[in-house]
Amino acid sequence: MDHFALKDGVLHAENVPLPQIAREVGTPVYVYSRATLERHARVFREALDEVPDKLIAFAVKSNPNLAVLKVLQNQGYGADVVSVGEMRRALAAGIAPEMIVFSGVGKTRREMIEALEAGIGQFNIESEEEGLELAEIAEGMGLTADCALRINPDVDAGTHDKISTGKGDNKFGVPIDQAGQIFGKLASQKGVNLRGVAVHIGSQLADITPLESAFAKLGELIAGLRGAGHTITHVDLGGGLGVPYRKGEVLPSPAEYGAMVACVTKDWGVKLIFEPGRVIAGNAGVLLTEVVRVKRGLNNPFVIVDAAMNDLARPALYGAYHHFEAVTPTGESMIANIVGPICETGDTFARDRQCDLVKSGDLAVFRTAGAYGATMASSYNSRGFVAETLVDGDKFAVVADRVGADSFINAERVPDWLE
Ligand SMILES: *Cc1c(COP(=O)(O)O)cnc(C)c1O
């Protein structure tokens, strides 16, 4: 459930009419709802009530905006980061270092040093090579890094190939059948305290069965590791729960997920870490856009909006569906191709889509843009980055300024030998 709804025929975010944000901040603009973020954070946490000892670490990559992180910090969430840039954001939002987990397949030496200096809670090691390097660095600094070994359980998450991470030939984690041997080798290193295992099999999962089989495999691995004399106190179950992008689409609820987790892990006797991203932020944001014009097409018309693939990349990247909706719908509908202004045919949000009737100058939104939206922006076609806003009841604030093309131009140099 979210807090974007029609009131007196005008789409609102909580109690703020979207035309007000468009007037004051311009378009395109991301609009996040605090009440929705808080609701999702609460529902996810309550779904895990049966899990006695846990850390819920928001996947910062899904929406790294400082204000969004602050909302989640206030909800008791930690952070799952995949770069020191994200770590700095989490720290800047007031998230305690010990509640930060560092995942990612390509942590550099410099990143490891900065994260060790910050005193983060856990490194999720993605390979034997990385573990040995981290051990050496930590030992050199006179520290011991708390770590989990990320396992590739070789399950098919049944999601889009580009966001599937737990198949045998994906780049993430160590193959489950080599995990025992690699764990043994890393556990003997001085600079690391290898205390657990981690999995994350993919994103936008529409079915919890693959998660359940991954967790079950992990359970067997944990028993094996304990049998070999290792102490396992922490297990990170990753993120991945999908959200509805289409009206009426039904996905596994956090409650179903929580019940499955409680059942599979009941005898593990560990602290569980969760890394939800999309399920918290996805439906807590929309991308508000203005229709530039409607152009006749060979078949259906082209609705050209002022947002583009550089602002919201998911349709171009994954063929993803984002619901398109007029801010002041007339009740009439049309079949249209919804496109941005960028000079690529890939800059297409929807083809032959039945949608609200819109005309030049109308406002509209792309729904479910709170996760993997603004954060994937590029400056392609010298379009800059769009502003982000956070609504709270009947007020809103700009939580990220629009970054115009000039900022990029000013960061560039023409060497004097070209003058
Ligand atoms: C992307 C990612 C997540 C979050 O995935 P969601 O599908 O947004 O919940 C969690 N953990 C890791 C390691 C990730 O890479």
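In each ligand, atom 1 is the first atom listed, and ligand 1 is the first ligand listed. Position 1 is the first residue of the sequence; numbering continues from there.
- The protein heavy-atom contact nearest to atom 2 (C) of ligand 1 is Lys61 NZ, 2.3 Å.
- Only the side chain of Arg150 comes within contact range of ligand 1, with a heavy atom under 4.0 Å; no backbone atom does.
- Side chains of Asn124 and Gln122: a donor on one and an acceptor on the other come within 3.5 Å.
- Exactly one residue among Leu218, Val264, Leu211, Val197 makes a side-chain contact (heavy atoms from CB on, under 4.5 Å) with Leu237. That residue is Leu218.
- Contact annotation: for Arg278 versus ligand 1, heavy atoms closer than 4.0 Å belong to both the backbone and the side chain.
- The shortest N or O to N or O distance between Ser203 and ligand 1 is below 3.5 Å.
- Annotation: cation-pi pair Arg246/Tyr321 present, NZ/CZ under 6.0 Å from the ring centroid and within 45° of its normal.
- Only side-chain heavy atoms of Asp80 come within less than 4.0 Å of ligand 1; its backbone N, CA, C and O stay farther off.
- Within 6.0 Å of the NZ atom in Lys7, the count of heavy atoms belonging to other residues, nucleotides or ligands exceeds 12.
- Taking the six-membered ring for Trp, Phe366 and Tyr245 have ring centres at least 6.0 Å apart.
- Remark: side-chain polar atoms of Asn65 are paired, donor with acceptor, to backbone N or O of Ala67 under 3.5 angstrom.
- For the pair Lys107 and Phe102, the distance from NZ or CZ to the six-membered ring centre is under 6.0 Å and the angle to the ring normal is within 45 degrees.
- Listed by number with element, the atoms of ligand 1 under 4.0 angstrom from any heavy atom of Gly277 are 6 (P), 8 (O), 9 (O).
- Residue, atom and distance of the protein heavy atom nearest to atom 8 (O) of ligand 1 are Tyr372 OH, 2.6 Å.
- Taking every non-hydrogen atom of Glu275 and a distance limit under 4.0 Å, the qualifying atoms of ligand 1 come out as 3 (C), 4 (C), 9 (O), 10 (C), 11 (N), 12 (C), 13 (C).
- The heavy atom nearest to atom 9 (O) of ligand 1, considering only Ser103, Gly173, Gly240, Gly242, is found in Gly240.
- Atoms of ligand 1 found under 4.0 Å from any heavy atom of Gly239 (numbered from 1 in listed order, with element): 9 (O), 10 (C).
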